[in-house]
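All remarks here apply to the structure that follows.
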Amino acid sequence: DDPWRQLAKCGRVLLAAGSSMWEAACVGIPVAMVLVAENQKPAFAWGLLNGVPGVDVLTSGRGSSSLARDLRVALEGARCLPSLSNGASRVRDALLELAAA
């Protein structure tokens with residue numbers, strides 16, 4: 001029911017560069033990313049800018065043994081993403097301001 005309860009106990013995790021990245025940032029677990037879909041490119045780029053290793057499987061033409069090696073190397077270098085803060089209060093304040101206008 002709650003995979004992050006168990007994943008947070010792991011030393012590191014290999015994950016797709018999607019919404020699980022944001023969850024990992026909140027949990028504070030070291031990650032390595034895999035780019036598997038076009039819509040993940042901004043998050044993948046953000047992770048790379050923050051020192052998190054990643055493997056782009058969208059544009060690579062590598063074979064399975066090369067991919068396995070690249071994934072292993074990325075996972076060995078897993079890093080924590082910057083911590084994220086809950087933005088709900090900012091959204092609330094903006095909505096209240098709009099409602100008052």
Side-chain angles (χ1 to χ4, degrees):
D1 291 345
D2 184 8
W4 280 104
R5 182 164 295 167
Q6 294 302 316
L7 285 169
K9 297 176 185 176
C10 296
R12 56 190 147 188
V13 65
L14 179 66
L15 49 75
S19 60
S20 55
M21 278 182 61
W22 313 122
E23 295 167 341
C26 291
V27 171
I29 188 171
V31 299
M33 309 172 295
V34 182
L35 179 63
V36 297
E38 288 290 327
N39 67 318
Q40 296 173 344
K41 284 185 175 182
F44 187 76
W46 175 76
L48 292 176
L49 282 173
N50 284 284
V52 173
V55 177
D56 178 354
V57 298
L58 284 180
T59 58
S60 70
R62 68 190 87 179
S64 60
S65 62
S66 176
L67 176 59
R69 183 193 68 244
D70 292 348
L71 292 172
R72 185 191 79 246
V73 168
L75 189 56
E76 288 172 352
R79 301 280 183 271
C80 288
L81 291 158
S83 61
L84 300 175
S85 61
N86 183 338
S89 62
R90 291 190 305 270
V91 172
R92 179 205 61 220
D93 293 346
L95 290 173
L96 287 172
E97 187 176 315
L98 283 172

Show the nearest heavy-atom pair for residues [X] and [Y], with the distance to one decimal.
| X | Y | result |
| --- | --- | --- |
| Ala74 | Val55 | CB-CG2, 3.8 Å |
| Val52 | Ala32 | CG1-CA, 4.3 Å |
| Lys41 | Leu58 | CE-CD1, 4.3 Å |
| Met33 | Ala17 | CB-CB, 4.4 Å |
| Pro30 | Cys80 | N-SG, 3.7 Å |
| Gln40 | Ala16 | NE2-CB, 3.8 Å |

Assess whether atom CD of Glu76 is packed by more than 12 heavy atoms of other residues, nucleotides or ligands within 6.0 Å. yes
Surrounding CZ of Arg92 (heavy atoms of other residues, nucleotides or ligands, distance under 6.0 Å), is the total greater than 12?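 Count over threshold, so yes.
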With a 4.5 Å cut-off on side-chain heavy atoms, are Asn50 and Arg79 touching? no
Does any part of the side chain of Cys10, heavy atoms only, come nearer than 4.5 Å to the side chain of Ile29, both counted from C-beta? yes
If we check side-chain contact (heavy atoms from CB on, under 4.5 Å) with Val34, which of these qualifies: Leu67, Leu15, Leu71? Leu71
Please collect all side-chain hydrogen bond (donor to acceptor under 3.5 Å, both in side chains) contacts where either partner lies in residues 16-35, sequence neighbours excluded, each pair once. Trp4-Glu23
Check against side-chain contact (heavy atoms from CB on, under 4.5 Å), Met21 and Val31: CA-CA 8 Å; Met21 278 182 61; Val31 299; 5.7 Å; no
Say you draw a straight line from OG of Ser66 to CG of Asp70; how long is it, rounded to the nearest 0.5 Å?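 It is 4.5 Å, given to the nearest 0.5 Å.
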